[in-house]
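Throughout, a chain's letter reflects where its sequence line sits, starting with A, and its residues are numbered from 1. Note that these values count all heavy atoms, side chains included, but never hydrogens, waters or copies made by symmetry.
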2 protein chains.
Amino acid sequence: MSSHSVHPATGTRKRRPGKSPSRHTEADEAISLDTLAGHAGYAVRRFQLWIFQDFIRTLAAVDIKPTQFSVMTVIGANPGLSQMAVAKRLGIERARLVHLLDSLERRKLVKRVQSAVDRRSHALHLTASGEASLRKFKQLAAEHERHVADKIGKANREQLLRILSCFA
Amino acid sequence: MSSHSVHPATGTRKRRPGKSPSRHTEADEAISLDTLAGHAGYAVRRFQLWIFQDFIRTLAAVDIKPTQFSVMTVIGANPGLSQMAVAKRLGIERARLVHLLDSLERRKLVKRVQSAVDRRSHALHLTASGEASLRKFKQLAAEHERHVADKIGKANREQLLRILSCFA
DNA sequence: GAACAATTGTTGTCGTCAACAACATTATTT
DNA sequence: AAATAATGTTGTTGACGACAACAATTGTTC
C-alpha cells in the first residue's frame with residue numbers, strides 16, 4: 001500500500017511546498033493503459049495529434065495547415081487536375097475540397113481554370129505567387145519533418161514511412 | 001507524351017464500353033504526390049483514418065467507438081480515477097470527457113461516485129455490466145487488431161508499436 | 001437523335017473532435 | 001482569512017468526415 005502522498009482519486013502527487021507550483025503532474029505514467037498499449041490505433045492517434053500540432057506550429061508564420069499543404073503540393077506537381085482527381089488522390093471529400101480551394105483561391109495561391117475538354121470541371125493550377133509560396137512552404141515542412149526525426153529517431157521515421165507506404 | 005486514353009483534366013481513364021461501368025478509376029496512382037510521399041504526417045493521417053474506420057466497423061454491433069473504448073479500458077484498469085486523471089492520461093480535454101462519460105453513464109457502463117477525499121471530483125468505476133461488456137469489447141478490439149496485422153503485416157505492426165511507444 | 005444514366009462542382013446538414021474560455025464549487029497555499 | 005489553484009461543467013469556435021441533394025454537363029443506350 002504505497003500511498004505515500006498520492007492522491008487516491010486523481011493519481012497525481014500533491015505538489016510539495018518547495019516544488020514548482022502545479023507545473024507538471026509527474027505521476028501520470030503510473031496509470032495503466034492495460035490492453036490499450038497493444039493497440040496500434042491508440043498510438044497512431046496520439047502520434048497524429050502530435051505531428052499535426054507541430055506542423056501547424058512550424059508553418060504558423062505562413063498560415064498553412066496540413067490539408068492545405070497537401071492540396072497545393074499535388075496541384076503543383078500535377079497542374080491541370082480536376083477537383084475530383086485531387087480529392088480522390090488525397091482521400092478528401094470533393095465537397096470539402098470546394099471550401100479548401102475557395103480559401104486558397106482567395107489568397108491568390110491557386111486558380112480554377114475552365115477546362116477546355118470538359119465544361120463541367122475546373123483545371124487547377126498554382127498562381128505564380130502560389131508557386132513561389134509553395135517553395136517556402138516546402139522548406140518549412142522539411143523543418144517540421146526534422147522535428148519528427150528528432151522525436152522518434154531518424155531510422156525509425158524512415159521505417160515508419162516504409163511500413164505505411166501502402167497508404168500513400 | 002504517353003497520353004494514351006487518359007483524360008488530361010481528371011487523370012482518370014475513360015471507361016471503355018466493355019469495362020465495368022465506373023467501378024473504380026484505376027489510374028489514380030499515376031498522380032504524383034511529390035514531396036508528400038516523404039512526409040510522415042500524410043501517411044499517418046491516411047493510416048489513422050483507415051484504422052478508425054475498421055475499428056468502428058468491427059465494433060459496430062456493440063456501438064463502441066475508439067475513444068469510448070479507451071476511456072472504459074483505462075477506468076477498468078484503474079478504478080476510482082478522477083475525470084482529470086483519465087483526461088490527462090488519454091490526452092482528452094476534460095471538457096470533452098464530460099460528454100463521453102454522460103453517454104457511458106446513460107448506458108449503465110460507467111458510474112461516477114462522489115469522492116470521499118475530494119468533494120470536487122468524481123471517482124470513476126465500471127458498473128458490473130460495464131465490466132462484462134468491456135470483456136466483450138476487448139475481444140472485438142483484438143479482432144480489429146488482427147485486421148491491422150493483415151493490412152500492414154504482423155512484424156510491421158509490432159515495429160510500429162515499438163516506434164510509437166513513446167507516445168503511449 | 002432522344003431518353004436515360006453517370007460525373008462534376010456546389011451547397012447544405014449532421015455528428016465528431018480539438019481547442020478555448022468562463023463559471024461555481026471545493027482545496028490548497030500563504 | 002485571503003489569495004490561488006484544481007475540478008467538473010457549460011458553451012463556443014473551427015476543422016473535419018460522411019451524406020444527401022441539386023444544376024450543369026457528359027456519356028450511354030435504345
J.: With a 4.5 Å cut-off on side-chain heavy-atom distances among I, L, V, M, F, W and Y, is there a chain of contacts connecting A:V98 to A:L126?
T.: no
J.: Within this structure, what is the NE2-to-C1' distance between B:H122 and C:dT25, rounded to whole angstrom?
T.: 11 Å
J.: For nucleotides 16-19 of chain C, which of its nitrogen or oxygen atoms have a protein nitrogen or oxygen under 3.5 Å away, and what is each distance?
T.:
residue	atom	partner	partner atom	Å
C:dC17	OP2	B:R96	NH2	2.3
C:dC17	O5'	B:R96	NH2	2.9
C:dA18	OP2	B:R96	NE	3.0
C:dA19	OP1	A:Q53	NE2	2.2

J.: Round to the nearest Å and state the distance from B:M84 atom CE to D:dT9 atom C1'.
T.: 13 Å
J.: Among C:dT11, D:dT10, D:dT26, find the nucleotide with the atom closest to the side chain of A:R119.
T.: D:dT26
J.: What is the distance, rounded to the nearest whole Å, between atom CZ of B:R120 and atom P of D:dT7?
T.: 6 Å
J.: From CZ of B:R89 over to C1' of D:dT7, roughly how many Å is that when rounded to an integer?
T.: 20 Å
J.: Whole-Å distance between D:dG27 P and A:D118 CG?
T.: 7 Å
J.: Can you tell me the distance, in whole Å, between the CD atom of A:Q68 and the P atom of D:dG14?
T.: 15 Å
J.: Does A:I92 share a hydrophobic cluster with A:V86, counting links as ILVMFWY side-chain heavy atoms below 4.5 Å and allowing steps through other members?
T.: yes
J.: Can you identify which nucleotide, out of C:dT10, D:dT25, D:dG8, has its nearest atom closest to the A:R94 side chain?
T.: C:dT10
J.: Among C:dG9, D:dT25, D:dT9, which nucleotide sits nearest the side chain of A:S82?
T.: C:dG9
J.: A:L97 CG to C:dG9 P: how many Å, rounded?
T.: 8 Å
J.: Which donor-acceptor pairs under 3.5 Å do the side chains of residues 60-73 of chain A make with protein atoms, sequence neighbours left out?
T.:
residue	atom	partner	partner atom	Å
A:Q68	OE1	A:K65	N	2.9
A:S70	OG	A:T67	O	2.7
A:T73	OG1	A:F69	O	2.8

J.: Please tabulate, for the side chains in residues 130-143 of chain B, all donor-acceptor contacts under 3.5 angstrom to protein atoms that are two or more places apart in sequence or on a different chain.
T.:
residue	atom	partner	partner atom	Å
B:S133	OG	B:S129	O	2.7
B:K138	NZ	A:D34	OD2	2.5

J.: Kindly say if A:Q83 contacts the phosphate of C:dT7, meaning a side-chain N or O under 4.0 Å from OP1 or OP2.
T.: no
J.: Per the side-chain hydrogen bond (donor to acceptor under 3.5 Å, both in side chains) rule, what does the pair list look like for residues 157-168 of chain B, sequence neighbours excluded?
T.: B:E145-B:R157
J.: Nearest-Å distance, CZ (B:R46) to P (D:dC16)?
T.: 14 Å
J.: What pairs meet the side-chain hydrogen bond (donor to acceptor under 3.5 Å, both in side chains) rule with one or both residues in residues 90-106 of chain B, with sequence neighbours excluded?
T.: B:D102-B:R112, B:E105-B:R112
J.: Can you list, by chain and residue number, the hydrophobic cluster partners of B:I51 when the side-chain cut-off is 4.5 Å?
T.: A:V44, A:F47, A:W50, A:I51, A:F52, A:V148, A:I152, A:L160, A:I163, A:L164, A:F167, B:V44, B:F47, B:W50, B:F52, B:V148, B:I152, B:L160, B:I163, B:L164, B:F167
